[in-house]
Amino acid sequence: MIEMKNVMKKYANGVIAANGINVKIGQGEFVYVVGPSGAGKSTFIKMMYREEKPTQGHIRINGINLEKLKNSKVPLLRRNMGVVFQDFKLLPTLTVFENVAFALEVIEENPKFIKKKVMETLDLVGLKHKARMLPTELSGGEQQRVSIARSIVNSPKLVIADEPTGNLDPETSWEIMNIFETINNRGTTIVMATHNKEIVNTIKHRVIAIEGGRIVRDEVRGEYGYEI
Amino acid sequence: MKFRTAGRHVKESFKSLLRNGWMTFASISAVTITLVLVGVFMVIMMNLNNVATSIEENVEIRVHIDIAATDKDRTVLEDQIKSLPEVQSVVFSPKGEELDNLITSLGDDGDAFKLFEQDNPLNDVFVVKTKDPEDTLAVVHKIEKFNHAAKVKYGQGTVEKLFSAINISRNVGIVLIIGLLFTAMFLISNTIKITIVARRKEIEIMRLVGATNWFIRWPFFLEGMWLGIVGSIIPIAAVSGIYYYAYDYMIAKLAGSYVEILEFNPFVFQVSGLLLAMGAFIGIWGSVMSIRKFLKI
């Protein structure tokens with residue numbers, strides 16, 4: 001599913017965000033990526049959806065070799081993955097339904113299919129009844145659920161989440177985690193960068209800890225391992 | 001591209017036009033002003049060129065026949081001129097006719113010349129036309145060598161002067177217009193930049209969910225193109241309207257002379273097409289400038 005070999009990333013300003021990363025993540029895994037701020041978690045994740053290119057090394061996602069992937073083909077890579085962010089990234093002028101449908105519209109799906117698929121997905125995240133509301137009328141947790149719905153509406157094999165619970169209160173965070181669990185149980189790989197110690201230590205999954213651009217720990221059913 | 005997608009792009013581009021309000025207005029105004037000037041300039045230049053060409057084509061050589069020449073000499077000279085391969089026609093104009101022409105052309109002042117009717121000082125003339133205006137000078141030189149050709153005259157310098165005047169004004173005009181075109185393009189590219197900035201979140205999400213680069217670019221292209229096309233409407237109307245009246249006016253003024261201005265149809269339609277194409281080009285180019293610079297995809 002995801003394979004990184006000797007991946008290095010040096011930014012133009014000299015910062016080394018990845019320094020020899022070797023990792024394999026299989027289909028259907030649930031992986032937490034933990035580590036202090038500035039450790040290179042975001043770069044690690046961004047390289048997966050090719051927002052950043054490694055300066056050295058090889059990355060394969062779903063069998064696609066990212067070094068050889070032309071810029072014009074990047075959209076095709078991204079159609080097979082969903083990305084969720086801390087700040088939701090919803091369009092405030094569009095309704096919940098439209099926000100989720102947006103992901104399918106811009107890849108030119110059929111309108112009938114879009115309608116069916118969006119309603120199904122909203123049902124899955126428990127927001128079918130709020131389809132016509134605007135994001136501003138929703139709570140933070142609900143907004144994140146819309147964002148998750150958008151990321152999975154195209155049935156991707158991989159969902160990448162960068163601190164999805166970072167802006168949410170503990171209770172809401174649990175709700176969001178339940179949704180990720182459900183998605184994972186359906187066979188979707190999930191890679192989640194997080195600072196949430198309680199979640200990592202409670203819902204046990206593989207933990208990859210990154211510090212100074214290196215993987216310092218990779219445990220099958222790991223602990224958060226840092227004091228907050 | 002699917003029809004539905006094309007519709008979506010058009011809709012998005014119009015939404016941006018409305019959302020950008022004043023910038024849209026400023027860009028369209030810049031295009032309008034530029035194209036009005038381009039249009040007027042083009043109409044004047046093309047007509048002047050046409051006039052110059054028709055004058056050039058009407059250049060005639062006037063061969064003054066030696067006063068001492070006999071009728072026989074005259075016939076010989078006529079045959080010699082006619083035998084030149086470049087010559088199209090030779091018309092004899094006796095000196096009495098020449099004087100009448102002179103008197104008529106001077107109008108009221110011509111009366112003074114009536115005194116000469118008793119003792120006409122003018123020469124008999126052969127009016128020679130060449131097949132190709134470019135041969136005029138060569139023919140003049142040949143005729144000058146013939147016997148009994150006292151003086152050979154043609155429209156020395158007038159055509160050259162006209163052409164050089166046209167060239168100078170054309171160059172000045174072109175520089176001016178290029179400056180204006182760049183201003184219009186710059187304003188359009190700024191408008192598109194504003195759109196790109198206003199929609200950066202949308203663009204970011206489109207990229208994340210796998211929209212192709214062209215899918216993202218299209219609405220911006222279209223927006224630029226609309227700015228250019230809408231900007232060309234007033235210039236087209238203005239140029240067509242003005243030419244419609246100017247044509248009638250000029251035709252009346254120029255009646256009887258061999259100078260002609262270009263016919264309303266198809267000239268105005270050609271100019272309109274050109275203005276529309278220029279508008280669209282300015283618009284697309286302006287948006288391309290911004291897309292390249294600000295739309296990082």
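Reminder, nothing fancy here: chain letters follow the sequence lines and each chain counts from 1.
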Residue selection (most heavy-atom pairs with chain B, distance under 4.5 Å) from [options]:
| options | value |
| --- | --- |
| A/P156, A/P111, A/P75 | A/P75 |
| A/V153, A/N154, A/L90 | A/L90 |
| A/F102, A/Y49, A/F85 | A/F102 |

Query raised in the report: Does the side chain of A/T95 come under 3.5 Å of the side chain of A/K130 through a donor N or O and an acceptor N or O?
Result: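 Judged by distance alone, the side chains do not pair up.
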Query - Donor on one side chain, acceptor on other, B/R207 and B/N213, under 3.5 Å - result: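 B/R207 vs B/N213: no donor-acceptor pair found between side chains.
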Query raised in the report: Contact part of A/E51 toward chain B, heavy-atom cut-off under 4.5 Å: side chain, backbone, both or neither?
Result: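 Looking at A/E51, just its side chain touches chain B.
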Query raised in the report: Does any heavy atom of chain B fall under 4.5 Å from the side chain of A/L94, the backbone, both, or neither of them?
Result: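 Contact with chain B involves no heavy atom of A/L94 at all.
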Report task. Compute the centroid of each ring, for B/F215 and then for B/H9, and state whether the two points are separated by less than 6.0 Å. Result ->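 Yes: the rings meet the under 6.0 Å criterion.
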**Report entry** Shortest non-hydrogen contact from A/T194 toward A/V200
**Finding:**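 Answer, listing the atom of A/T194 first, then A/V200: CG2-CG2, 3.6 Å.
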Query raised in the report: With a 4.0 Å cut-off, would you call A/K116 and A/E120 a salt bridge?
Result: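 Yes.
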